[in-house]
Asks: 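First the structure, then my questions, so here it is.
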Amino acid sequence: MSRRKTRRSKGLDGWLLSAPALILLVLAASGPLLIVALYSFLEKGDYSGVRWILSGEGWFRVLFERDIFDQTVSLADANLSIFWRSVKLSIATTIITFGFGLPTAWFIATRPAKSRAFWLFLITIPFWTNLLIRTFAIMEVIRNQGILNTFLMHFNLISEPIQILYTDTAVLIGMTYVYLPLMVLPLYAAIDRFDFRLIEAGYDLYASRWQVLRGVILPIIKPGIIAGSILVFIPSLGAYVTPRVLGGGKNMMIGNFIELQFGQGQNWPLGAALSTVLLLVVLVSLIIYTRASSRDDSNG
Amino acid sequence: MLSAGAQRKLKAAAGEIDVNTDIAIDARNVGKIYGAGASAVTALGDVSISIEKGEFFTLLGPSGCGKTTLLRCIAGFETPTSGSIHLSGTDITYDPPYQRPVNTVFQSYALFPHLTVAQNVGFGLKMRGASAADVAKAVDRVLALVKLEDFANRLPQQLSGGQQQRVALARALAPEPQVLLLDEPLSALDLKLRKEMQSELKRLQSETGITFVFVTHDQEEALTMSDRIGVMSAGALLQVGTPHDIYDRPVNRFVADFIGETNFLDATVEGNQVRIGTGDLLAVPLQGETGAVTLAIRPEQVSVTSAQTGISGKITEAIYMGTDTHYTITLKDGSPLVARIQSKSSGAFDVGDTVGIAIDAQAVQVLKS
């Protein structure tokens, strides 16, 4: 009994001690979010900002649009296609970074302990470089007079430059490059813990290389795969700089579309509603992630 | 019904071993060199060995002697640099591990942590393409064999070390391999559990009739379990024989020293006797040896008397070991001799006593110096 009491009072002490940090965190983190959520239910101002009148128009405009002349309601195809493109590009980025990330992480984890730090260092260097600069570097590679096209034309592999810049492909290349380290690092952490003797056990029990990969390696490093996928998918979904620079004006993603509402579009409630939708998508992804990883804990 | 081992012994006695049908593993001049040039390390140098079907064969040697390398060559994890390995008459030297009807019990067990006990045990059969019903039937049968029926749905990390060991065994036995390779499987268990698993392994081997190739550095384990033992050192196979052969007639000093405790005394052949350092003569069995020889004398072949006739010496150490007491006696010429005497409540000797020594000369092994 007395022991339980001490523990409880200790817990209370813990709460009190962390109270300043908690208050700051609640105000700083949820305050702006609450403002965003609140604005999505207000009426749009004449030029920008909001009028303090409750309205569902912001949320309505996420999915629908009204004809300017006769006010007939139709689905907002443009919005939907931007959503669809964002999800599609984010999923594609996640899959491609996994495709490149797994062999890379495997390579690093199987190096001698001494040289691993060096390879990890190479992977993390881009993190210390400004995102905008990295994106312009990619632009330099793929633009019509860029390195890639010049190289291909020099060796007569193509007769005229391939238009990559300002396409979805350009956005995909850019995001894959930018988010690859976020996939490699958790995969590396998972493979580093992997007991390589299990591969021999698999071979010994008649599993081919492919069966060992599918039946032994992938299930065991699953937590790393889930963590990497979430780390890549979530920022991809909200990406702003990369699609803005490499996708041009036409190939917008949600991030750019939201920015448009607060800028030229002058529709803050719609922008706030879109932001909330994005947040909800991310939350759902996170819930799926925690579910999947906790199932993993109880199952092995 | 006779066990496979007993059948083998009968056949061997009748000289009926047929190379093509009775040999499970035939390694011919197998060599394995790691690296190249000046930094090359020879792990195995020209080892030839024939392991018969249904036999419990042990590769025994100190760590780094090449026994595990040989096992890994048989399993397919290593490719020999030279020589060939045949399984029931078929050359398997370059076959990948997943195409060899050979399974391994790993030292670390290497159980799949994401699979249940039943899934672990069924893994091999599933990979071979057996139907789910067949896999389930085999898993039930093998789990019953290792007495783990109640643990089928547990995960490996929820089991004790001994239980994990049994799962590893069951997993390797389930696909009914022609040969089961065991790489120091008992080294992680405590003494009591190890003794239990030793008899368990013997039982499993005679029940299944599968050829066991067992790797260990523990000579006692090797002596108690094996039909035959191959003693290895520095990449070479020194002696192959039954536990009796190896213990009673070691071919050289290394084998005599490695298997059990042995006293070594330098001696010179004089006629049909040998003269030891103290000047005493011993009538040991000689087979044409001349000049300087080394006598290998087991501690239990030495008896100690209070009569100070013949060879005598002074007790310099007495270690009480329960049933037996080990006396270290320093002979007149200064060489030590260990005697193992059954402990008695009375009449025990003390350190400092001068005692007489009798050596069972007929049991002494004469080794070339």
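Chain A is the first sequence line, chain B the second, and so forth, proteins listed ahead of strands; every chain is numbered from 1. These figures come from a predicted structure and were not determined experimentally.
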Asks: Compute whether any side-chain donor of one residue and acceptor of the other, for B:T93 and B:D91, lie under 3.5 angstrom apart.
Replies: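 Present: a donor and an acceptor within the cut-off.
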Asks: Without swapping roles, check the side chain of B:T211 against the backbone of B:A24 for a donor-acceptor pair under 3.5 Å.
Replies: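 No; judged by distance alone, with no hydrogens or angles, the pair does not exist.
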Asks: Of the backbone (N, CA, C, O) and the side chain (C-beta and beyond), which part of B:R154 lies under 4.5 Å from a heavy atom of chain A, both, or neither?
Replies: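 Contact with chain A is absent: no heavy atom of B:R154 under 4.5 Å.
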Asks: Run through B:L180, B:V213, B:V179 and flag the one making a side chain to side chain contact (heavy atoms under 4.5 Å, CB included) with B:V102.
Replies: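 That would be B:V179; it is the only one of B:L180, B:V213, B:V179 passing the side chain to side chain contact (heavy atoms under 4.5 Å, CB included) with B:V102.
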Asks: Going by the side chain to side chain contact (heavy atoms under 4.5 Å, CB included) test, name the single residue among B:T81, B:V47, B:V41, B:T42 that passes it with B:K32.
Replies: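 Of B:T81, B:V47, B:V41, B:T42, side chain to side chain contact (heavy atoms under 4.5 Å, CB included) with B:K32 is met by B:T81 alone.
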Asks: Testing the basics here: between B:M225 and B:K202, what is the closest heavy-atom pair and its distance to 0.1 Å?
Replies: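 It is O-NZ, 2.8 Å.
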Asks: Closer than 3.5 angstrom, by distance alone: can the side chain of B:Q163 be matched with the main-chain N or O of B:S160 as a donor-acceptor pair?
Replies: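 Judged by distance alone, yes, a pair lies under 3.5 Å.
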Asks: Using a 3.5 Å distance criterion without hydrogens, assess whether the side chain of B:N120 forms a donor-acceptor pair with backbone atoms of B:L115.
Replies: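 It does hold such a pair.
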Asks: Using only non-hydrogen atoms and a strict under-4.5 angstrom cutoff, which residues of residues 181-204 of chain A touch chain B?
Replies: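 So the qualifying residues are A:R197, A:L198, A:E200, A:A201, A:G202, A:Y203, A:D204.
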Asks: Please classify the contact of B:F106 with chain A as side chain, backbone, both or neither, using a heavy-atom distance under 4.5 Å.
Replies: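 Just the side chain, heavy atoms under 4.5 Å.
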Asks: More than 12 foreign heavy atoms under 6.0 Å from CZ of A:R209: is that the case here?
Replies: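 No, CZ of A:R209 has 12 or fewer neighbouring heavy atoms, counting only those of other groups under 6.0 Å.
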Asks: Could you tell me whether a side-chain N or O of B:R28 sits under 3.5 Å from a main-chain N or O of B:S84, the two making a donor and an acceptor?
Replies: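 No; zero donor-acceptor contacts below 3.5 Å.
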Asks: Which region of B:L125, side chain (C-beta onward) or backbone (N, CA, C, O), has a non-hydrogen atom less than 4.5 Å from a non-hydrogen atom of chain A, or is it both or neither?
Replies: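 It is neither, since no heavy atom gets under 4.5 Å.
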Asks: What part of B:R171 gets within 4.5 angstrom of chain A, counting heavy atoms only: side chain, backbone, both, or neither?
Replies: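 Both backbone and side chain of B:R171 come within 4.5 Å of chain A.
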Asks: State whether the number of non-hydrogen atoms from other residues, nucleotides or ligands found under 6.0 Å of A:K88 atom NZ is greater than 12.
Replies: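 Yes, because the 6.0 Å sphere around NZ of A:K88 holds more than 12 heavy atoms from other groups.
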Asks: Using heavy atoms and a sub-4.5 Å threshold, report which of residues 56-64 of chain B line up against chain A, by residue number.
Replies: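 At a heavy-atom separation under 4.5 Å, chain A is reached by no residue of residues 56-64 of chain B.
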Asks: Could you check whether B:E78 and B:T69, counting side-chain N and O atoms only, form a donor-acceptor pair closer than 3.5 Å?
Replies: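 Note: B:T69 and B:E78 side chains miss the donor-acceptor criterion.
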